[in-house]
Protein chains: 2
Amino acid sequence: MALIVQKYGGTSVGSPDRIKNVAKRVARFKGEGHQLVVVVSAMSGETNRLIALAKEVQASPDPRELDVIVSTGEQVTIGLLAMALKELGIEAKSYTGGQVKILTDSAFTKARIQHIDDEAMRADLAAGKVVIVAGFQGVDAQGNITTLGRGGSDTTGVALAAALKADECQIYTDVDGVYTTDPRVVPEARRLKSITFEEMLEMASLGSKVLQIRSVEFAGKYKVKLRVLSSFAEGGEGTLITFEEDEDMEKATISGIAFNRDEARINVVGVPDKPGIAYQILGPVADANVDVDMIIQNVGLEGTTDFSFTVHRNDYQKALGILEGVQSHIGARSVSGDDKICKVSVVGVGMRSHVGVASTMFRTLAEEGINIQMISTSEIKISVVIDEKYLELAVRVLHKAFGLDSES
Amino acid sequence: MALIVQKYGGTSVGSPDRIKNVAKRVARFKGEGHQLVVVVSAMSGETNRLIALAKEVQASPDPRELDVIVSTGEQVTIGLLAMALKELGIEAKSYTGGQVKILTDSAFTKARIQHIDDEAMRADLAAGKVVIVAGFQGVDAQGNITTLGRGGSDTTGVALAAALKADECQIYTDVDGVYTTDPRVVPEARRLKSITFEEMLEMASLGSKVLQIRSVEFAGKYKVKLRVLSSFAEGGEGTLITFEEDEDMEKATISGIAFNRDEARINVVGVPDKPGIAYQILGPVADANVDVDMIIQNVGLEGTTDFSFTVHRNDYQKALGILEGVQSHIGARSVSGDDKICKVSVVGVGMRSHVGVASTMFRTLAEEGINIQMISTSEIKISVVIDEKYLELAVRVLHKAFGLDSES
């Protein structure tokens with residue numbers, strides 16, 4: 001008998017029929033003798049509906065009151081799932097974040113969990129009940145309702161698993177695991193049986209939106225055994241997220257190819273190579289609340305330096321305008337940019353002990369005539385910025401070049 | 001400066017625009033220097049939507065979980081109204097029933113309020129904030145979410161007014177007060193400036209659905225000054241519900257004419273006139289959960305008695321079938337009925353000190369050729385059952401006969 005925390009997202013509970021299907025799955029685990037805590041999101045579309053309603057009343061909704069409103073989405077789902085389980089003859093009890101009590105700070109709309117009271121849940125589990133908890137929400141020390149921000153239900157699941165010392169935290173999504181890359185781009189992409197926590201972080205931040213990053217960090221911090229599974233396919237093993245590097249030396253060097261087509265590049269060329277120049281360039285950008293992703297600086301001509309960075313494509317015009325505004329002040333020769341770019345990354349912990357990953361990557365792209373505009377590396381990933389039109393081609397040839405097309 | 005509790009029903013908060021209108025009204029009262037506690041219902045249609053959703057998952061929804069779901073309706077409204085007030089520059093804070101804490105028993109879907117903690121609300125009022133409370137909901141001693149049953153937001157308003165010792169509890173509805181009768185039947189009907197608590201109870205139970213009966217009882221018990229007003233018309237005084245009889249001897253004998261066309265009549269004729277016969281007749285009806293309204297027994301022929309009662313029209317066939325089933329057992333000569341009847345009542349505390357109300361009523365109906373099938377009286381009302389087709393005529397002529405057509 002294991003204690004399992006399961007989390008079902010908005011699509012998995014998007015209709016009464018889908019909620020009944022979740023109940024059947026939960027009932028099957030219960031029938032196998034496991035103790036179950038089930039975390040659910042709002043039915044798909046519901047959170048957006050509530051936010052739109054709030055914005056009709058107040059263009060910039062008051063954060064405290066927005067959380068009061070938005071948290072009702074999950075509250076409806078927990079009641080419905082409890083009913084669906086009772087209809088199957090399974091004892092179940094729903095809990096709001098406040099009822100658990102999932103104590104957070106008071107940062108409305110993006111609160112962080114500080115403590116979870118597991119007493120009531122443990123009593124219900126001991127009494128044979130399935131415990132159903134509203135994801136994404138908590139309560140602060142003053143009793144105000146808080147929410148954890150978008151995707152926060154994953155974090156709720158992992159935090160409950162940590163607090164209850166659960167044997168496993170299962171995240172059910174509309175995909176059946178983490179893939180070597182997006183199967184819509186590379187049909188030969190295959191599901192990874194396991195992926196390390198660090199790889200998952202890189203994959204997630206690079207646009208493989210399977211899990212919310214914070215939940216993965218949380219799982220890493222508390223060593224929660226985390227598994228991603230499909231809520232629609234039956235019987236799959238999903239992908240296990242591990243926190244120790246695989247001992248198997250035969251493991252592939254590279255776990256996956258991530259990509260992101262939401263980026264734009266800004267180049268600041270020929271600025272004086274002196275201390276503080278990076279701050280002079282990026283300070284105004286940060287002040288305008290524009291997030292910067294890759295940052296690259298290289299030596300330029302005659303005591304100058306060239307500086308490039310990428311921003312979200314939606315922020316491209318804004319960032320470009322800011323830089324053009326400060327160009328003369330910082331003494332740059334030119335400011336330019338391109339919003340028809342994309343970022344492609346190879347990710348894998350095996351990279352640490354294998355030389356040649358970078359050269360394989362660059363050679364593969366060169367053979368296809370794909371020009372590399374920017375390169376950025378970390379310990380377990382190499383990212384390149386290329387022309388957007390080559391995205392699919394680049395991902396496909398890299399997937400093959402690193403032997404991901406077939407079971408290794 | 002007064003402390004006022006205002007309650008707005010589902011129609012009054014039925015859209016973002018209507019919520020903004022409520023906020024403007026609240027802001028005006030605030031501007032006059034009053035302290036305000038505002039109780040709101042779910043947006044119109046929302047409670048029904050949530051119940052329908054629940055029934056898609058479980059045909060007979062689990063009561064505890066149904067309350068978890070349904071209570072979200074009011075929770076959305078409190079957040080929206082708080083936002084609308086902040087948008088007008090008014091400090092406001094929303095409270096769920098659990099946050100207040102409105103302590104109830106654990107009778108899910110029909111809980112009764114046991115205690116209200118007024119500490120947090122008082123602190124917010126003292127700090128100049130408008131306090132917004134979700135109607136219809138509370139929390140039991142174990143922290144479970146409860147609801148007070150349909151129309152329970154009125155009860156929340158009155159209970160808060162009692163707990164806070166408010167100067168007045170204002171119930172805003174889609175009518176601008178209590179009328180002498182339904183203006184759709186008698187265009188000459190006029191708004192009553194005041195009505196006694198007892199009259200209001202009789203008017204409410206007879207089908208004038210302005211206020212939930214329990215809230216009126218509650219107001220009577222705690223001597224809450226209760227006023228019914230329109231949430232759409234501005235500046236009206238509404239109708240004040242009083243708890244002492246008017247000292248003004250010029251007050252009309254009759255306050256209003258109530259009616260109900262949802263009833264059906266059952267007659268059990270020629271049963272042996274012996275102890276226990278009423279129970280033998282009504283016991284099986286009550287066992288079948290059929291509510292009985294009027295009950296009349298009269299002396300019949302040769303040691304027999306005739307027994308009549310009214311039920312809701314929806315229960316007519318069921319009740320008739322039950323009586324036909326026990327007819328031989330109770331020794332009745334015949335069992336019959338009619339579902340094309342209606343009940344018309346004259347209501348007024350003045351009746352106590354004025355003879356002749358009954359004779360005026362009966363003469364007025366007789367002059368129009370309207371046959372009276374049943375009569376039932378209480379201290380402050382006289383009800384008659386007549387053929388349904390005469391309903392409008394009867395209400396109109398009685399309204400005129402008792403001098404209600406014009407200001408007295």
Side-chain angles (χ1 to χ4, degrees), chain A residues 13 15-20 22-23 42-43 46 49-88 91-96 98-101 120 132 134 139 142-145, chain B residues 13 15-20 22-23 42-43 46 49-88 91-96 98-101 120 132 134 139 142-145:
Chain A
V13 294
S15 69
D17 279 344
R18 288 190 172 176
I19 289 171
K20 288 179 193 174
V22 167
M43 296 169 78
E46 187 61 8
R49 182 185 76 83
L50 291 166
I51 291 173
L53 194 58
K55 286 189 173 169
E56 274 191 76
V57 172
Q58 196 176 22
S60 296
D62 178 81
R64 178 190 186 274
E65 302 302 339
L66 187 62
D67 280 357
V68 168
I69 292 168
V70 168
S71 62
T72 62
E74 286 75 22
Q75 190 170 325
V76 169
T77 317
I78 57 172
L80 292 175
L81 181 57
M83 286 179 184
L85 281 164
K86 281 164 187 272
E87 192 72 1
L88 297 178
E91 276 305 301
K93 187 171 157 192
S94 73
Y95 283 83
T96 63
Q99 284 175 327
V100 165
K101 109 184 206 180
I132 300 163
V139 68
Q142 287 74 46
N144 296 304
I145 296 167
Chain B
V13 294
S15 69
D17 280 343
R18 288 191 173 177
I19 288 172
K20 289 178 192 174
V22 168
M43 295 170 77
E46 187 60 9
R49 183 185 75 83
L50 290 166
I51 291 174
L53 194 57
K55 286 190 173 169
E56 273 190 77
V57 171
Q58 196 177 22
S60 297
D62 177 81
R64 179 190 185 276
E65 301 302 338
L66 186 62
D67 280 357
V68 168
I69 293 168
V70 169
S71 63
T72 62
E74 286 74 22
Q75 189 171 328
V76 169
T77 317
I78 57 172
L80 293 175
L81 181 56
M83 287 179 183
L85 281 164
K86 281 164 187 272
E87 192 73 0
L88 297 177
E91 277 304 302
K93 186 172 158 192
S94 73
Y95 284 83
T96 63
Q99 285 175 325
V100 165
K101 109 183 206 180
I132 300 164
V139 68
Q142 287 72 48
N144 297 303
I145 296 167

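When reading the values below, keep in mind they use all heavy atoms of this one structure, side chains included, and skip hydrogens, waters and symmetry mates. Lettering of chains follows the sequences in order, A, B, ..., and the numbering in each one begins at 1.
- Looking only at heavy-atom pairs under 4.5 Å with chain B, the residue among Ile145(A), Leu66(A), Asp17(A) that has the most is Ile145(A).
- Ranked by heavy-atom pairs under 4.5 Å with chain B, the list Ala54(A), Ser15(A), Gly98(A) is led by Ala54(A).
- Legend: residues meeting side chain to side chain contact (heavy atoms under 4.5 Å, CB included) with Arg64(A), ordered by chain and number and at least two apart, are Asp62(A), Val68(A), Phe108(A), Asn144(A), Lys93(B), Ser94(B), Gln99(B).
- Contacts between Ile132(B) and chain A at a heavy-atom distance below 4.5 Å are absent for every atom of the residue.
- Of the residues considered (Ile69(B), Asp67(B), Ile19(B)), Ile69(B) shows the highest number of contacts with chain A, using heavy-atom pairs under 4.5 Å.
- Residue Ala23(B) does not touch chain A at all, counting heavy-atom pairs closer than 4.5 Å.
- Neither the backbone nor the side chain of Leu81(A) comes within contact range of chain B; no heavy atom of the residue lies under 4.5 Å from a heavy atom of that chain.
- Only the side chain of Leu50(B) comes within contact range of chain A, with at least one heavy atom under 4.5 Å from a heavy atom of that chain.
- When the candidates Val139(A), Val76(A), Val70(A), Thr72(A) are compared by the number of heavy-atom contacts under 4.5 Å with chain B, Thr72(A) comes out ahead.
- In this structure, Lys55(B) and Pro61(B) approach most closely via the heavy-atom pair CG-CG, 3.9 Å.
- Only the side chain of Lys20(B) comes within contact range of chain A, with heavy atoms under 4.5 Å apart.
- Only the side chain of Thr96(B) has a heavy atom closer than 4.5 Å to any heavy atom of chain A.
- Gln75(A) and Ser71(B) share a donor-acceptor pair across their side chains, judged by distance under 3.5 Å alone.
- Legend: residues meeting side chain to side chain contact (heavy atoms under 4.5 Å, CB included) with Ala42(B), ordered by chain and number and at least two apart, are Glu46(B), Thr47(B), Glu74(B).
- In this structure, the separation between CD on Gln58(A) and CD on Glu87(B) is 4.5 Å, given to the nearest 0.5 Å.
- Using a 4.5 Å heavy-atom cutoff, the side chains of Leu53(A) and Pro16(B) are in contact.
- Closest of all the heavy-atom pairs between Met43(A) and Thr77(A) is N-OG1, 3.5 Å.
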